[in-house]
Undergrad: 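Okay, handing you the structure first.
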Amino acid sequence: METADLDKIEMPGVQTRLTSEEEQALLKVLREGNSLATGSEGEAFEREFADFIGCPDAVAVSSCSAALELAAILSGLESGDEVIIPAHTFCATAVPFGRTGATIRWADIDPDTRLISAASIRSLITERTKAVVIVHLYGLAADMDGIMAVADEHDLIVIEDCAQAPGAHYNGRRTGSIG
């Protein structure tokens, strides 16, 4: 098959089919935005998302991977520090924290929920532990009360990855608004 024929092959899930209203909205974003700012649509999204999850503010980025990169940088982790991450997650959760030079400690998950637990975190804490990454999965929220109690006891930074559970609730709060 010639390269020119590849654009004729229908690939399910790849073609984007936009209504004319969606096309106009997309064009508005493209025309208003620039490479250094998100434009009015991005700013509106940030305000609406912050309201949705119950946080004072939110910052829109291109992906959860980009958000985790920022979280890793802002956490101030460096060589010699440790960060606890669930062993059951996508690799993009761990990569940004590995780039800081910190040692990743892999936490077991609860066999019933497939989520990290306070007990698994507690078992890995050392004097070098600085942060824990919580991954909410399958639309489920991890036990944040237990996790936050352990984190508070050991003065740990808690970073929530809720890419796989956007909008999930935990005791009346949304994932991403607790850590």
Side-chain angles (χ1 to χ4, degrees), residues 13 38 42-179:
T38 60
E43 291 167 1
F45 172 77
E46 290 173 342
R47 284 191 304 276
E48 290 174 24
F49 190 77
D51 289 345
F52 174 71
I53 66 167
C55 283
D57 46 31
V59 177
V61 293
S62 61
S63 66
C64 186
S65 296
L68 289 166
E69 285 283 349
L70 289 173
I73 292 165
L74 294 172
S75 69
L77 293 169
E78 53 190 37
S79 183
D81 294 337
E82 294 178 350
V83 59
I84 298 171
I85 297 176
H88 179 61
T89 189
F90 184 62
C91 62
T93 303
V95 168
F97 297 93
R99 284 190 185 131
T100 68
T103 300
I104 295 173
R105 304 285 314 269
W106 299 105
D108 284 336
I109 56 168
D110 180 283
D112 294 326
T113 64
R114 309 287 193 263
L115 303 174
I116 195 170
S117 68
S120 65
I121 293 166
R122 184 181 298 283
S123 71
L124 295 173
I125 294 173
T126 71
E127 68 282 345
R128 296 181 305 171
T129 307
K130 303 292 187 229
V132 60
V133 178
I134 308 306
V135 180
H136 305 288
L137 284 174
Y138 315 118
L140 302 173
D143 172 22
M144 293 305 292
D145 286 345
I147 290 168
M148 293 306 293
V150 170
D152 289 344
E153 181 182 331
H154 296 277
D155 196 28
L156 302 178
I157 298 167
V158 177
I159 299 153
E160 292 179 84
D161 174 348
C162 50
Q164 299 297 316
H169 285 92
Y170 178 81
N171 288 344
R173 294 184 68 190
R174 295 209 190 257
T175 56
S177 69
I178 303 166

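Note that this is a predicted model, so its numbers are computed, not measured. Values below: every heavy atom of this structure, side chains too, minus hydrogens, waters and symmetry copies.
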Undergrad: State, with a plain yes or no, whether a side-chain heavy atom of F97 is found less than 4.5 Å away from one of I159.
TA: yes
Undergrad: What pairs meet the ring-ring contact (aromatic ring centres under 6.0 Å, His included) rule with one or both residues in residues 42-70, with sequence neighbours excluded?
TA: F45-F49
Undergrad: Looking only at heavy atoms, what is the nearest atom pair of S62 and A66, with distance?
TA: OG-CB, 3.8 Å
Undergrad: If you round to the nearest 0.5 Å, how far is CG of D108 from CD1 of I116?
TA: 9.5 Å
Undergrad: Taking atom CG of L156 and atom OG1 of T129, what is their separation to the nearest 0.5 Å?
TA: 6.5 Å
Undergrad: Looking at every non-hydrogen atom in both residues, tell me the closest pair between I85 and A94 and how far apart they are.
TA: CD1-CA, 3.8 Å
Undergrad: Would you name the heavy atoms of A107 and L124 that are closest together and state the gap between them?
TA: CA-CD1, 3.5 Å
Undergrad: Tell me which donor-acceptor pairs under 3.5 Å the side chains of residues 133-150 have, and how far apart each pair is, sequence neighbours excluded?
TA:
residue : atom : partner : partner atom : Å
H136    : ND1  : A142    : N            : 2.9
H136    : NE2  : E160    : OE1          : 2.8
Y138    : OH   : H88     : NE2          : 2.5
D143    : OD1  : G146    : N            : 3.4
D143    : OD1  : Y170    : OH           : 2.7
D145    : OD2  : Y170    : OH           : 3.4
D145    : OD2  : N171    : ND2          : 2.8

Undergrad: Would you check if E82 and K130 make a side-chain contact, meaning some heavy-atom pair closer than 4.5 Å?
TA: no
Undergrad: With a 4.5 Å cut-off on side-chain heavy atoms, are R105 and T126 touching?
TA: yes
Undergrad: Would you find a donor on one side and an acceptor on the other, under 3.5 Å apart, between the side chain of E46 and the backbone of A60?
TA: yes
Undergrad: Which atom pair, heavy atoms only, marks the closest approach of V61 to A67?
TA: CG2-N, 3.6 Å
Undergrad: For R114, which residues count as a side-chain hydrogen bond (donor to acceptor under 3.5 Å, both in side chains) partner, sequence neighbours excluded?
TA: none
Undergrad: Is there a side-chain contact (heavy atoms from CB on, under 4.5 Å) between L115 and D110 once you walk through the steps?
TA: CA-CA 6 Å; L115 303 174; D110 180 283; 5.6 Å; no
Undergrad: So do the side chains of V83 and T100 get within less than 4.5 Å of each other, counting heavy atoms only?
TA: no
Undergrad: Is there a donor-acceptor pair under 3.5 Å between the side chain of T175 and the backbone N or O of C162?
TA: no
Undergrad: How many angstroms lie between atom CD1 of I84 and atom CD1 of I125, to the nearest 0.5 angstrom?
TA: 5.0 Å
Undergrad: Quick check on D155: does its CG atom have over 12 non-hydrogen neighbours (other residues, nucleotides or ligands) under 6.0 Å away?
TA: no
Undergrad: Identify the two heavy atoms, one from G76 and one from D81, that lie closest to each other, and give their separation to 0.1 Å.
TA: O-OD2, 4.0 Å
